[in-house]
Amino acid sequence: MTSDDNQHSAGNESVGQQLKKAREKQGLSVSQIAEAQHLRNGVIQAIESGDYKQIDSELFLKGYVRTYAKQVGLNADSIIADLNIELEPARLQKARDLEANPLVNIERRRRRKRRIAKLLLLILVAAIIAAVVVRVVLPKLNSEDVAEEQSAITDPAPEVKAPEPLLEPEQSASVSEATGYDSVDDAPELSSVVDVTADEQPMSDFEPAQPEADEQVPVVAENIEPVLAQPPVSEPAGPVSGVLEIEFTGDCWVQVRDASGNRLASSLQRAGDKLQVSGEAPLKVVIGAVDTVATISFQGEPVDIGGFPVVNNRSEFTLTI
């Protein structure tokens, strides 16, 4: 049989018939074909009769057919192509049966619902994490940063005390009179002055010189005139103390200093807290979160905080009497 005859027979005969004719032409029995593939005789008979349902799967069926074609001298690829054409109606019918099966639809819906539930759960967890970060972590970090920044800006530089004079003003004056210099710095070493005065006799050993009898001491007439009355000098008034009260509706960092730069308050206030401080006016006030201030009064009078500049919800101003 030529290749044209093979193609003609392939177009009119089933795969099983083609294999059976080729086997018979080779003079082989069903048992010989089955034994070569380590299969039962019933499997080879099912392939030749076209009863493919007895084969476990399409993959196994194609493997058996390909080996069978090689055993009987047929083109394996051509036989497999014919087998695919034969199996196509069965595939379509199987797909229709699956679509019509209500259990398949129920399982498909269950899988879809499970996927949607997992996606919603992931979205919910991400939203909870984002809310915790926004409401807890970020305000805490911002509050600490503002407190450190304000502390670094408003803390006064350490005061440098002037050196105390070595001599009291009275001693300095007596040294100036004794030495003839205007100041202690202009005078020679103090030790030399002390040495000179130590050699002299005490003033108490000198007796006042008595005027001689012949000499007359001139008498200076004193004209006593009334002293013009001078207006009393008013003493400067003492420092005026100012009282500041602030109520809060949320967390807010506050710092208050008096006119001398002394820190009256520097702390983090909570919702419902009321801060009351007093000190020498004017008072310098720094508020870290203006929107948390419920009321603010100075000397019992309400203060309009909106009249002061606000930058990044932070305000710094001075209250005077």
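Fair warning: this is a prediction, and the values are worked out from it, not measured in the lab. By convention here, the first residue in the shown sequence is residue 1.
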Tell me whether [X] is salt-bridged to [Y], with the criterion being a basic N under 4.0 Å from an acidic carboxylate O.
X	Y	value
Lys62	Glu86	no
Arg91	Glu88	yes
Arg263	Asp258	no

For the atom pair [atom1] ([X]) and [atom2] ([Y]), what is the distance rounded to the nearest 0.5 Å?
X	Y	atom1	atom2	result
Phe298	Thr320	CZ	OG1	7.0 Å
Ile44	Leu28	CD1	CG	11.5 Å
Leu83	Tyr52	CG	OH	5.5 Å
Asp251	Asp273	CG	CG	9.0 Å
Thr292	Trp253	OG1	CH2	13.0 Å
Asn313	Ile287	CG	CD1	10.0 Å

Identify the heavy atoms of [X] and [Y] that sit nearest to each other, and give their distance.
X	Y	value
Ser315	Pro309	OG-O, 3.1 Å
Ala259	Ala281	CB-O, 3.4 Å
Ile79	Ala69	CG1-CB, 4.0 Å
Gln32	Gly27	OE1-O, 4.1 Å
Gly42	Gln54	O-OE1, 4.2 Å
Leu264	Val277	O-CG1, 4.1 Å

Within the supplied structure, the quantity of interest is the number of heavy atoms (other residues, nucleotides, ligands) at a distance under 6.0 Å from [X] [atom1]; does it exceed 12?
X	atom1	result
Asn312	CG	no
Glu58	CD	yes
Arg135	CZ	no

So do [Y] and [X] actually touch side chain to side chain, heavy atoms under 4.5 Å?
X	Y	value
Ile106	Arg110	yes
Val286	Arg314	yes
Val30	Arg23	yes
Phe308	Val285	no
Leu275	Leu244	no
Leu61	Ile47	yes
Val43	Tyr68	no
Gln269	Ile246	no

Working for salt bridge (Lys or Arg N to Asp or Glu O under 4.0 Å), residues Glu316 and Arg257: CA-CA 11 Å; Glu316 183 174 353; Arg257 293 180 180 273; over 6 Å; no
Same apolar cluster (I L V M F W Y, side chains within < 4.5 Å links), Ile128/Val137: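 No: no chain of side-chain contacts under 4.5 Å links Ile128 to Val137.
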With Ser78, the side-chain contact (heavy atoms from CB on, under 4.5 Å) member among Leu74, Asp82, Ile80: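 One option only clears the test, and that one is Asp82.
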Expected output: side-chain Gln299 to main-chain Val243 donor-acceptor under 3.5 Å: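 Yes: the side chain of Gln299 pairs with the backbone of Val243.
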